[in-house]
Amino acid sequence: MADTDDLPYVLVLTPMKDSARFLPRYAELLERLDWPRERLSIGILEGDSRDGTAERLAGLRPRLEGRARRLTLLSRDFGFRMPAGVPRWAPAFQLARRTVLARARNHLLFRALDDEDWVLWIDADLADYPADVLRRLIGSGHDLVMPRCVVTPGGRAFDANAWGAKGAVDFNHTGGQSRIRLDSMGGTMLLVKADLHRDGLVFPCFRYGVESPRIRDRHPVWGKGEVETEGLGIMATDMGVQGWGLCDLEIVHGAD
């Protein structure tokens with residue numbers, strides 16, 4: 001992948017909600033990403049924000065257009081809000097919240113994907129990732145792959161949605177391996193071969209895989225079945241695609 005003409009086309013996709021405070025760093029990291037503008041597209045869907053995210057994105061448009069050959073900015077409200085003072089990880093609201101996030105991801109995917117070879121899902125609130133992260137993910141040789149996400153460099157893994165062996169394997173339990181097989185994927189950063197999406201790999205907005213031997217016997221919050229990124233991972237296994245996690249490739253999530 002040394003010559004620009006040999007590099008694949010990549011689409012970076014990010015769903016956003018109340019992300020205004022993260023936008024400066026989000027743009028900075030994209031600008032630092034070691035990938036040429038003429039091979040990079042960006043798609044963002046903003047929805048249900050109350051902090052001026054849409055307005056900040058509009059102001060950021062020239063900067064994002066300068067970074068990508070194609071920019072797609074979308075807005076769609078889904079009518080979901082967490083109750084005041086309730087953290088986003090509160091168990092009682094997880095199924096509803098993740099269902100809406102799955103819908104947002106799918107709406108963004110269907111509207112933004114064009115001729116790209118790869119889709120790189122990136123959370124809006126990442127604090128740091130290596131400039132060569134995309135080259136390393138693509139260079140892994142896997143069609144569905146993610147890095148290890150932490151809050152503190154070298155610390156415990158943040159993304160609890162990434163696991164294998166019914167939850168017995170995750171980024172905190174790697175057995176000393178440099179890469180691990182994942183049946184369920186996380187979404188803080190996730191690289192997907194674009195043709196997998198075109199073949200029907202999406203983010204289930206319902207409990208998926210209740211008959212699959214790969215899912216957990218019971219989800220710790222909502223019972224049987226997996227949704228959103230976890231559901232996508234199980235759907236990939238049903239399509240015969242193995243997900244992978246790169247234990248030695250670390251990205252940093254912003255503290256909540």
Side-chain angles (χ1 to χ4, degrees), residues 1-15 30 33-45 67-74 76 101-123 129 132-147 149 159 161-164 179-206 208-209 212 214-215 226-246 249 251:
M1 293 192 296
D3 297 330
T4 297
D5 291 343
D6 295 332
L7 292 175
Y9 290 96
V10 176
L11 172 63
V12 173
L13 292 181
T14 304
L30 283 180
L33 185 65
D34 181 17
W35 207 258
R37 176 186 184 276
E38 58 269 25
R39 296 279 163 162
L40 190 73
S41 304
I42 299 172
I44 297 170
L45 184 145
R67 180 62 187 95
R69 68 182 182 115
R70 187 170 62 84
L71 173 67
T72 303
L73 292 183
L74 305 170
R76 182 182 177 90
L101 182 51
R103 293 171 60 197
R105 289 187 186 276
N106 291 333
H107 278 277
L108 175 56
L109 174 65
F110 297 154
R111 295 280 298 277
L113 181 60
D114 187 14
D115 61 347
E116 290 82 13
D117 303 296
W118 293 92
V119 176
L120 181 66
W121 294 91
I122 298 180
D123 270 4
Y129 50 80
D132 65 349
V133 66
L134 181 51
R135 291 180 181 267
R136 293 168 68 180
L137 287 169
I138 293 177
S140 72
H142 302 305
D143 290 348
L144 182 64
V145 61
M146 63 179 294
C149 183
D159 201 334
N161 300 329
W163 47 263
R179 59 186 65 193
I180 53 176
R181 293 176 180 267
L182 297 174
D183 297 324
S184 169
M185 309 304 293
T188 51
M189 180 178 285
L190 176 64
L191 182 73
V192 184
K193 191 77 169 179
D195 277 350
L196 292 180
H197 281 316
R198 295 186 181 99
D199 289 343
L201 182 61
V202 296
F203 299 88
C205 55
F206 54 90
Y208 178 86
S212 171
R214 304 278 188 119
I215 68 170
E226 309 292 350
V227 302
E228 206 235 332
T229 58
E230 292 156 300
L232 175 139
I234 299 301
M235 185 181 293
T237 67
D238 288 345
M239 295 169 64
V241 177
Q242 177 66 58
W244 290 86
L246 303 186
L249 178 54
I251 64 173

*Asks:* Applying side chain to side chain contact (heavy atoms under 4.5 Å, CB included), run through V202 and Y208 and close with a yes or a no.
*Replies:* CA-CA 11 Å; V202 296; Y208 178 86; over 6 Å; no

*Asks:* Working note: R103 + N106, criterion side chain to side chain contact (heavy atoms under 4.5 Å, CB included); need CA distance, chi angles, decisive distance, verdict.
*Replies:* CA-CA 5 Å; R103 293 171 60 197; N106 291 333; 5.8 Å; no

*Asks:* Is there side-chain contact between R198 and L113, with heavy atoms separated by less than 4.5 Å?
*Replies:* yes

*Asks:* Is there a donor-acceptor pair under 3.5 Å between the side chain of R181 and the backbone N or O of W244?
*Replies:* no

*Asks:* Would you call the rings of H197 and F203 parallel, tilted or perpendicular, taking 30° and 60° as the class edges?
*Replies:* tilted

*Asks:* So, taking the atom named CD1 in I42 and the one named CG in L73, what distance separates them when rounded to the nearest 0.5 Å?
*Replies:* 9.0 Å

*Asks:* How long is the straight-line distance from CH2 of W35 back to CG of L120, given to the nearest 0.5 Å?
*Replies:* 10.0 Å

*Asks:* Checking the side chain of E230 only, and the main-chain atoms of E228 only, is there a donor and an acceptor separated by less than 3.5 Å?
*Replies:* no

*Asks:* If every non-hydrogen atom of A102 is compared with every non-hydrogen atom of P204, which pair is closest and at what distance?
*Replies:* CB-O, 3.4 Å

*Asks:* Nearest 0.5 Å, what's the CZ-OG1 distance between R111 and T72?
*Replies:* 8.5 Å

*Asks:* Identify the heavy atoms of V133 and M189 that sit nearest to each other, and give their distance.
*Replies:* CG2-SD, 3.6 Å

*Asks:* Backbone N or O of A112 within a donor-acceptor pair of the R70 side chain at under 3.5 Å?
*Replies:* yes

*Asks:* Of all the heavy-atom pairs spanning E116 and D114, show the shortest one and how long it is.
*Replies:* OE1-N, 2.9 Å

*Asks:* Using atom types as modelled and distance alone, determine if a side-chain donor or acceptor of T229 lies under 3.5 Å from a backbone N or O of M185.
*Replies:* yes

*Asks:* Which heavy atom of P15 sits nearest a heavy atom of L101, and at what distance?
*Replies:* CG-CD1, 4.0 Å

*Asks:* Report yes if some heavy atom in the side chain of V241 is under 4.5 Å from a heavy atom in the side chain of L201; otherwise report no.
*Replies:* no

*Asks:* Say you draw a straight line from CG of L182 to CG of L144; how long is it, rounded to the nearest 0.5 Å?
*Replies:* 8.5 Å

*Asks:* Closest heavy-atom contact between H107 and L45?
*Replies:* CB-CD1, 3.9 Å

*Asks:* Hey, does the side chain of T188 reach the backbone of D123 with a donor-acceptor pair shorter than 3.5 angstrom?
*Replies:* no

*Asks:* Examine distances only and state if a side-chain atom of R214 and a backbone atom of T237 form a donor-acceptor pair shorter than 3.5 Å.
*Replies:* no

*Asks:* Please check this pair: side chain of S184 against backbone of W163, looking for a donor-acceptor N/O pair closer than 3.5 Å.
*Replies:* no

*Asks:* Would you confirm whether D159, through its side chain, and G187, through its main-chain N or O, come within 3.5 Å as a donor-acceptor pair?
*Replies:* yes

*Asks:* Does R69 reach the side chain of S41, with side-chain heavy atoms less than 4.5 Å apart?
*Replies:* yes

*Asks:* How long is the gap from CH2 on W118 to NZ on K193, to the nearest 0.5 Å?
*Replies:* 4.5 Å

*Asks:* Looking at every non-hydrogen atom in both residues, tell me the closest pair between I215 and S212 and how far apart they are.
*Replies:* CG1-O, 3.4 Å

*Asks:* Quick check: does any side chain N or O of D117 sit under 3.5 Å from a backbone N or O of Y9, one acting as donor and the other as acceptor?
*Replies:* yes

*Asks:* Can you measure from CE (M235) to CG (D183) and round to the nearest 0.5 angstrom?
*Replies:* 14.5 Å

